[in-house]
Amino acid sequence: MGNCSSCCQNCWAKRSRTGLYEPLLQENERHAIAELLQYLENRSETNFFDGDPLRALSTLAYSDNVDLQRSAALAFAEITEKDVRKVGRDTLEPIMFLLQSHDVEVQRAASAALGNLAVNAENKLLIVKLGGLDPLIRQMGSPNVEVQCNAVGCITNLATHDENKAKIAKSDALRLLVDLARSKDKRVQRNATGALLNMTHSQENRQQLVNANAIPVLTSLLNSDDQDVQYYCTTALSNIAVDAANRKKLAQSDSRLVQSLISLMDARSLKVQCQAALALRNLASDEKYQLEIVRLKGLPPLLRLLKTRSLALILSSVACIRNISIHTANESPIIDAGFVDPLIGLLSYDDNEEVQCHAISTLRNLAASSERNKRAIVDAGAVERIKELVNTVPVSVQSEMTAAIAVLALSDELKPRLLNMGILSVLVSLTNSSNLEVQGNSAAAIGNLSSKVKDYAPFIKVWESPNGGLHAYLVSFLDEGQDTAFQHIGVWTLVQFLEGGDKELIKKLSKAQDLVQSISRIASMGAEEDSTLLNGGDEDNLDDADADVHELAKRVINVIGSDASKGSKKSAGKKQR
């Protein structure tokens, strides 16, 4: 932009020597020029946003002389380039008056000054409140590239404030930004795509962007050779893909979208790589994209990002692979691509809870539907790592880890291995967790492990310890005030123990009077509901889960024996009195 002081001084001195200014300048304008030259000589000590310096600049700005307007606009531009602070109406109004000039140089400098001031959050609001949006929109349509660039740059800054976004989205600025994103000038294109990105942080504005046909433009610019444009477009599309309706629009737009994003995971810019993976993650909320990312060979670059040392890259890639792993058809390809070991490694990534959560959730997804995959995950050491970490990780990770064990415990082949690893004592302890999800997942894992095993010695070993052992856990889950789902897990687990036929374990169950009483109570409640139905009660009022748990409880009582059942009924009756 050049040096404002020397520019103004040389300009005015030349005009004075030739006499061109003398008959044209008003007295107040001459005085303002003289004052301003003095202030510019001591600019480091001068506040141009208040008092006499501002009055001098304003006098030139409101002048009918276009040369004085140019000088004022240039001065404002240079001053604000070096000094940005909260300003008031008295500073903004002369700059916005200059915006409305028909002179291109005045427009260019004034929009630059306003864009500089729009870096300040309070200035952003005041500029729009004072009507700065309309002249900026007019300048966005200027045939002059410099004016376009500065105007769009100012809009970009204004659009970072939430209160301004809705006003910009409802104005003609949105259509112009989409058009200018196609500009051949890289600076204009960069500012326009940056402004579009800033408009994608709310659902309403994203929808307006989609309606303005921004998707094809943003998608086509993913292949730009400008890293900033790539970043803005990738991030904008990632934000747009958050909404399910918009993902359908994206699917209907450019068939090369997924391939372009996969390619950008190998871009020179790390932030572009990161945003490309995040965009794929958001797209992978839909089944179509989960399959397409794998089909188009998106797994190798995701694995590469997963193995980097950058937290941003690791987080974006592991979040993406988690979504991709939801689809059953992707489980084996992900395992075969070599993800299991790195995912297990990320379980120890204690710098970031979210990374740990995504990693263990992915492993759980991969184990969901295949014995082969479960075995591969156990063979790779996942259970040992979970056992090592589960008591020290955050509750959210703990919940995912116990859920993963519950899935692995569904494998009849792997149950003996899991029990021999000592996982049972860990799970029993976690049924005492203050977190309901951790409790439920741990109990479900115990229940899965208890079904169809040949040796119940590991269960007998933890009958009384740790923390009261299986005995205390079962009593807690069968408590009268307990949730029906938890009661169901407890009773179902007892059924598995009894069906296993281990005499020592059945003996322990029969001798645990508190346990027998709880089971008898649940079975008796089922008998009461049967009586209600026989007497014309409403069957719709009886929950299926309640009926199921009552039937299971009756099966347990039938195995334990009628004597224990009678004793528990007497105890329960005394308690009621």
Side-chain angles (χ1 to χ4, degrees), residues 303 306-307 314 318 321-322 325 331-332 334-368 370-433 435 437-439 441-451 453-462 465-467 469-470 473:
L303 182 60
L306 199 69
K307 293 179 176 180
I314 292 170
V318 75
I321 203 66
R322 177 181 183 174
S325 69
E331 292 173 14
S332 292
I334 292 171
I335 287 179
D336 294 341
F339 277 86
V340 172
D341 286 339
L343 287 169
I344 292 173
L346 290 179
L347 299 183
S348 305
Y349 202 95
D350 53 12
D351 288 341
N352 190 277
E353 177 180 340
E354 197 175 352
V355 167
Q356 292 176 301
C357 263
H358 287 315
I360 185 59
S361 181
T362 303
L363 289 168
R364 184 188 66 183
N365 290 343
L366 296 177
S370 163
E371 288 290 314
R372 168 187 174 272
N373 294 345
K374 289 182 177 69
R375 187 168 57 252
I377 290 168
V378 172
D379 288 345
V383 178
E384 289 93 339
R385 185 62 60 88
I386 290 171
K387 184 182 173 186
E388 172 192 337
L389 298 171
V390 72
N391 289 315
T392 59
V393 294
V395 170
S396 62
V397 183
Q398 209 171 56
S399 176
E400 293 288 346
M401 285 182 167
T402 48
I405 294 295
V407 171
L408 293 171
L410 290 169
S411 169
D412 291 339
E413 176 193 337
L414 294 174
K415 287 174 187 178
R417 288 179 61 184
L418 298 178
L419 291 170
N420 289 335
M421 290 176 190
I423 196 66
L424 204 53
S425 61
V426 176
L427 294 170
V428 168
S429 293
L430 290 171
T431 60
N432 288 316
S433 170
N435 182 272
E437 285 190 4
V438 174
Q439 284 184 37
N441 292 340
S442 301
I446 293 171
N448 292 342
L449 287 169
S450 69
S451 175
V453 291
K454 294 179 180 180
D455 183 8
Y456 281 88
F459 294 91
I460 296 169
K461 184 178 180 181
V462 296
S465 68
N467 301 322
L470 278 175
Y473 142 59

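Start at 1 with the first residue, then count along the sequence.
Checked against salt bridge (Lys or Arg N to Asp or Glu O under 4.0 Å), Asp455 has no partners two or more places apart in sequence or in another chain. By the side chain to side chain donor-acceptor pair (under 3.5 Å) test, Asn467 pairs with Ser429, sequence neighbours left out. By the side chain to side chain contact (heavy atoms under 4.5 Å, CB included) test, Pro416 pairs with no residue at all, sequence neighbours left out. For the ring-ring contact (aromatic ring centres under 6.0 Å, His included) test, residues two or more places apart in sequence or in another chain that qualify with Tyr456 are Phe459. Taking Asp379 as the reference, Arg375, Arg417 meet the side chain to side chain contact (heavy atoms under 4.5 Å, CB included) condition, with sequence neighbours excluded.
Proximity of Phe339 to Thr362: side-chain heavy atoms (C-beta onward) are nowhere separated by under 4.5 Å.
Residues Gly338 and Leu303 approach most closely at O-CD1, 3.8 Å, considering heavy atoms. Closest approach of Cys357 and Ile360 over heavy atoms only: O-CG2, 3.3 Å. Contact record, Gln439 with Thr431: CG-O, 3.4 Å, taken as the closest heavy-atom pair.
Side chain of Asn448 to main chain of Ala406: a donor-acceptor pair is present (N/O by atom type, distance under 3.5 Å, no hydrogens or angles). Checking side-chain atoms of Ser465 against main-chain N and O of Val462 turns up no donor-acceptor pair under 3.5 Å. A donor-acceptor pair is defined here as one N or O able to donate and one able to accept, closer than 3.5 Å; no such pair exists between the side chain of Lys374 and the backbone of Leu408. In this structure a side-chain-to-backbone donor-acceptor pair under 3.5 Å is present from Lys415 to Ser451.
Rounding to the nearest 0.5 Å gives a distance of 7.5 Å between CZ of Arg364 and CG of Asn441. Atom CG of residue Asp351 and atom CG of residue Leu346 lie 11.5 Å apart, to the nearest 0.5 angstrom. Atoms OG and CD, on Ser396 and Gln356 in that order, are 8.0 Å from each other to the nearest 0.5 Å. Remark: Gln398 CD to Thr392 OG1 distance equals 8.5 Å, nearest 0.5 Å. Separating the OG atom in Ser450 from the CG atom in Leu424 is a distance of 9.0 Å, to the nearest 0.5 Å. In this structure, CD1 on Ile334 lies 10.5 Å from CG on Leu363, to the nearest 0.5 angstrom.
Counted by atom type alone, Ser370 and Glu331 present zero donor-acceptor pairs between their side chains at under 3.5 Å.
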Under 3.5 Å, sequence neighbours excluded: what are the donor-acceptor pairs made by side chains of residues 383-391?
unit_1 : atom_1 : unit_2 : atom_2 : d
Arg385 : NH1    : Ile344 : O      : 3.3
Arg385 : NH1    : Ser348 : OG     : 3.1
Lys387 : NZ     : Met421 : O      : 2.6

